[in-house]
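The model shown is predicted, which means the values in this text are computed figures rather than measured ones. Below, chains carry the letters A, B, ... as their sequence lines are ordered, and counting in each starts from 1.
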Protein chains: 2
Amino acid sequence: MIQCEDHGLCISTAMEVADRICTEKRLKFTDLRKDMLRMIWDGHAPQKAYGLLSKLQVKNHSAKPATVYRSLDFLLENGFIHKVKSLNAFVGCSHPSKHDECYFLICDSCKEISECCDSNITSAIKATTKRNQFFVKNTTLEIAGHCNACSKRTE
Amino acid sequence: MIQCEDHGLCISTAMEVADRICTEKRLKFTDLRKDMLRMIWDGHAPQKAYGLLSKLQVKNHSAKPATVYRSLDFLLENGFIHKVKSLNAFVGCSHPSKHDECYFLICDSCKEISECCDSNITSAIKATTKRNQFFVKNTTLEIAGHCNACSKRTE
DNA sequence: GTTTATTTGTTATATTGTAACATCTGGTAT
DNA sequence: ATACCAGATGTTACAATATAACAAATAAAC
């Protein structure tokens, strides 16, 4: 369970940060993209593309898969969200400006995901890839299990 | 590019190990499952489910998606293969008996995958999850980039 | 204001994965 | 031997995820 006292704050912060970055980079933060990002930030659990599509269709009756995937691409490219590959789902990024080296703790029970950006893991990975003479472009680290709250609950 | 002088040896070793484990655990290593494992070990690049289906249908005209996915489930459950989540593809495991803590180096260029089972990474992950009071069930670490051979080639 | 590039709409389809039930096969108990 | 049972495979149908290709709308740049 994520420690956010006020999830409204998570959302508004994420929206503001995205807005600022879009202004800086002269990207178009359209209504569609805003809606998508807000929907993804609905909680700390990842959202699935077709779930987002359903929600989108409430407002925008003509939304189609391509509508959703194009917005997702935009949000991914600019670091506003992550794709959780082990779940085929999408989750908001809480620090889009330094988006690298983000690792995920995925609770199988409450479904919430928290980012853990740990420099020790990063340097361990760097050491290993260097030893293997491997040139890294992208790292996916997804750790599934139970968060503290949920593992207490099930005891 | 993987350093295997003789890929026939990779295949035969993998088949023998699987056979031994199946005997020990009283699992049925059927012709279908053997064919599937051999096809996955066709090389060090990951194989996609529907690609395997096509190959399987050459021998077994009646093969269907379920045929393939059920075999894949068997091979996954018993540690003979890994699912590469970032690619939705499957690759043979070269040490099924100690199957945990396997990390992957995925070359975007030659597509080959090598396992890098590094205890430093494992302990860095353990330290981080402990600090976050997170109880790990399963870890996915997939590192994409270029292997040494390919990065030399493109220079 | 016209051109240009980007975004969105729209249709169609490709790819990946499961559910549910029928049939077969090989071992076990009688 | 044979009746039974469990696990494996066959079969049909479909669900879920994702992309391609082209048209229309919109915003930016000239």
Does any residue of residues 21-55 of chain A have a heavy atom under 4.0 Å from DNA chain C, and if so, which ones, in number order?
K28(A), T30(A), L32(A), R33(A)
With a 4.0 Å heavy-atom cut-off, tell me which residues in residues 56-70 of chain A come close to DNA chain C, sorted by residue number.
N60(A), S62(A), K64(A), A66(A), T67(A), R70(A)
Here the pair of heavy atoms bringing K34(A) nearest to D19(A) is CE-OD1, 4.0 Å
For F104(A), what residues pass the ring pair (Phe, Tyr, Trp, His ring centres under 6.0 Å) criterion, not counting sequence neighbours?
H82(A)
Quick one: hydrophobic cluster around L105(A), which other residues, with the 4.5 Å side-chain cut-off, linked directly or via members?
Y103(A), I121(A), I125(A), F134(A), V136(A), L141(A), I143(A), Y103(B), L105(B), I121(B), I125(B), F134(B), V136(B), L141(B), I143(B)
Apart from L9(B) itself, which Ile, Leu, Val, Met, Phe, Trp or Tyr residues share its cluster (side-chain heavy atoms under 4.5 Å, direct or through members)?
none
By side-chain hydrogen bond (donor to acceptor under 3.5 Å, both in side chains) - contacts of D108(A) (at least two apart):
none
Can you name the side-chain hydrogen bond (donor to acceptor under 3.5 Å, both in side chains) partners of Q57(B), sequence neighbours left out?
none
Nearest-0.5 Å distance that lies between atom CD1 in I11(A) and atom CD1 in I40(A)
12.0 Å
Residue met sooner reading DNA chain D from 5', once S71(B) and N88(A) are mapped to nucleotides:
S71(B)
Segment of DNA chain C, first to last nucleotide, that comes within the 4.0 Å heavy-atom reach of chain A
dT6(C) to dT11(C)
Can you list the residues that meet the salt bridge (charged side-chain N to carboxylate O under 4.0 Å, His left out) rule with K85(A), with sequence neighbours excluded?
none
Contacts of R38(A) meeting salt bridge (charged side-chain N to carboxylate O under 4.0 Å, His left out) (sequence neighbours excluded), chain-then-number -> D35(A)
Based on the rotation axes of five pairs at each end, what angle does the helix from dG1(C)-dC30(D) to dT30(C)-dA1(D) bend through, to 10°?
20°
Contact interval (first through last nucleotide) of DNA chain D with protein chain A, 4.0 Å heavy-atom:
dT17(D) to dA28(D)
